[in-house]
Structure formats: C-alpha cells, structure tokens
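Chain identifiers are assigned alphabetically (A, B, ...) following the order of the sequence lines, protein sequences preceding nucleic acid strands; residue numbering begins at 1 within each chain.
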2 protein chains.
Amino acid sequence: MKESALCPRLSKAMELVGKRWTALIIYQLLEGPQRFNAIESALPISGRLLSERLKELEKEGIVERKVFSEVPIRVEYNLTEKGQSLEQTVREIENWAKSWL
Amino acid sequence: MKESALCPRLSKAMELVGKRWTALIIYQLLEGPQRFNAIESALPISGRLLSERLKELEKEGIVERKVFSEVPIRVEYNLTEKGQSLEQTVREIENWAKSWL
DNA sequence: TTTATAGATTACGAAAAGTAAGTAGCTTAC
DNA sequence: GTAAGCTACTTACTTTTCGTAATCTATAAA
C-alpha cells in the first residue's frame with residue numbers, strides 16, 4: 001500500500017466504518033443486545049462473514065460478546081461505550097439515505 | 001446474496017459509504033475541486049482504483065468530472081450537491097476518530 | 001524521432017467475499 | 001441408545017475485488 005500524509009486515526013476510522021457490513025452491524029446493534037442468529041436474519045450477511053466481523057469489532061472494543069451457558073447455548077452481542085459512540089455516524093448515513101436516495 | 005427486510009435506501013447508502021476509499025475520496029474533495037493526480041497523491045490509493053471509484057461516484061451523481069483540453073490534459077473532479085450533502089456524514093467519522101482512536 | 005506529461009486502462013497474482021456443507025455440545029423424542 | 005434438533009460457529013471451495021506494475025492515448029516541445 002502507498003504511504004500518504006493522511007492522519008492515521010482518520011485513516012483507521014475510515015477503514016473501520018468503510019468496511020463492508022461493519023456499519024450495518026453497528027446499526028443493527030443500536031436496537032439493543034442481540035444474538036448471532038438475530039443479526040444474521042436482520043441483515044443480508046452470511047454467518048461466515050458475520051462471525052468474522054464480530055470478532056474484529058470485539059477486538060476493536062466496539063462490540064462485547066456474552067455467552068450464556070443455556071441449552072441450547074445463547075450468545076449475545078452488544079455495543080460497548082465506544083460502539084455506542086458511533087451512533088451519530090450511522091444516523092448520519094441513515095439521514096443521507098432518506099434525503100438523497 | 002441473502003435477501004432481508006432491510007430498507008433498500010439504507011442498504012444502498014451503507015454500500016456506498018462502506019465501500020473502500022469512497023468516504024476518503026469524498027473527504028478529500030470537500031477541500032474543493034481537484035485533479036486526478038492531486039487526489040491520488042493525497043490518499044494511499046492506486047490510480048487503478050481511484051479511476052474506478054470516481055466513475056462509480058460520477059454514475060451516482062456524487063462527483064462531477066470536468067475535462068480541460070489543455071496540454072497536457074487536465075481533469076478536475078468536484079462534489080455535486082448530492083456529494084456535498086455527505087459532508088456531515090464524513091465529518092462524523094472524523095469526529096469519532098478524534099474522540100475514540 | 002525521442003521524450004515528457006496527465007489521465008487513464010490492462011494484466012495478473014493476492015486477498016476478501018459469497019455459498020454451502022460440516023462440526024461441537026447438549027437435549028429431547030423415540 | 002441412537003437419531004434428530006438446536007445454536008453458534010468453522011471449513012472448503014468458487015467468485016469477486018484489490019494492489020502493483022506495465023502499457024496506452026493524445027499532444028507538444030526538444
């Protein structure tokens with residue numbers, strides 16, 4: 001990849017938000033904690049990629065994973081404070097969509 | 001791709017903004033009209049992809065392309081009204097980056 | 001005729017995404 | 001006790017997109 005004078009924080013934010021499915025997953029989690037299957041059903045994403053993205057978002061401290069040892073097992077995902085702070089960003093995309101698409 | 005109950009306008013907006021380089025190109029064009037080489041130098045993107053993205057954005061009515069038949073040729077890109085309207089979205093990403101990264 | 005410049009386009013290997021089938025751990029039904 | 005079902009993944013494989021570098025087009029000056 002080419003180097004540039006671009007601010008690394010902005011660059012990273014753009015990579016995060018501008019990664020396929022990331023913003024939609026956050027949008028979905030703004031509704032509240034949800035389990036894997038619920039997210040998968042709400043979005044046109046496959047389980048394979050949802051699993052991958054949730055791991056990435058967990059590593060970034062944006063999403064939190066909670067395992068409930070019930071039968072069958074239950075796993076819930078919710079936004080951390082850092083994740084919640086992306087609400088305005090995602091809402092802006094939503095507003096733009098309403099006005100211009 | 002899986003189908004879902006997701007609002008198609010939101011879905012499209014997410015695909016646009018959440019496509020690699022798109023938001024950064026718009027961010028760059030917020031500075032004003034710029035030529036191809038200027039954008040390429042400002043961002044860590046290759047000419048091949050920049051060309052591809054600019055065509056997509058032009059097709060979406062977000063970016064306008066102006067050719068000046070000088071020697072050597074000069075081509076400038078600028079945001080349309082629709083493109084300008086994405087400023088708040090891009091600024092939100094920028095703000096989030098400043099606060100959380 | 002060669003060189004230079006800007007803005008692309010093409011070729012090709014590498015990486016990421018899409019699809020479908022399979023796995024693990026535990027439960028209930030037969 | 002074994003077969004089937006549930007959730008949350010994971011693996012294998014194909015298709016699409018990306019990244020890098022070389023090439024093309026048009027024009028003009030050296």
Within less than 4.0 Å of OP1 or OP2 of C:dG7, is there a side-chain N or O belonging to B:R35?
yes

Would you mind telling me which of C:dA17, D:dG19, C:dT27 lies closest to the side-chain atoms of A:V71?
C:dT27

At under 4.0 Å, does any side-chain N or O of A:S51 touch on OP1 or OP2 of D:dT10?
yes

D:dT20, C:dG7, D:dA8: which one has an atom nearest the side-chain heavy atoms of B:R65?
C:dG7

Roughly how many Å is it from NZ in A:K19 to C1' in C:dA16, rounded to a whole number?
8 Å

For the pair made of CD in B:E40 and C1' in C:dA6, what is the distance, rounded to whole Å?
10 Å

Of the options C:dA6, D:dA21, C:dG18, whose atoms approach the side-chain atoms of A:R48 most closely?
C:dG18

Any B:W21 side-chain N or O less than 4.0 Å from OP1/OP2 of D:dT17:
no

Rounded to whole Å, CG of B:L49 lies from C1' of C:dA15 at a distance of 13 Å

Closest of C:dA8, D:dT10, C:dA17 to the A:K55 side chain is D:dT10

Side chain of A:V75: nearest nucleotide among C:dA8, D:dC9, D:dG19?
D:dC9

Rounded to the nearest Å, what distance is computed from the CD1 atom of residue A:I45 to the C1' atom of nucleotide D:dA8?
14 Å

5' precedence on DNA chain C between A:E52 and B:P72 (nearest-nucleotide basis)
B:P72

Between B:E70 (CD) and D:dT27 (C1'), how many Å, whole number?
12 Å

Less than 4.5 Å apart, any side-chain heavy atom of B:R35 and any of B:N37?
no

Are B:E52 and B:R48 ion-paired here, with the side-chain N under 4.0 Å from a carboxylate O?
yes

Do B:E92 and B:T89 come close enough that some side-chain heavy atom pair is under 4.5 Å?
no

Side-chain heavy-atom pair B:F68, B:V75 within 4.5 angstrom cut-off
no

For C:dA6, take OP1 and OP2 only and decide whether either is under 4.0 Å from a side-chain N or O of B:Y77.
no

Between C1' on D:dA8 and CD on A:Q34, what's the gap in Å once rounded to a whole number?
16 Å

For B:R20 and D:dG19, is the shortest distance between a side-chain N/O and OP1 or OP2 below 4.0 Å?
yes

If I take atom CZ in residue A:R53 and atom P in nucleotide D:dA8, what distance separates them, rounded to the nearest angstrom?
20 Å

Hey, does B:L79 have a side-chain heavy atom less than 4.5 Å from the side chain of B:I26?
yes

Rounded distance (Å) that lies between atom P of C:dG7 and atom CD of B:E58
14 Å

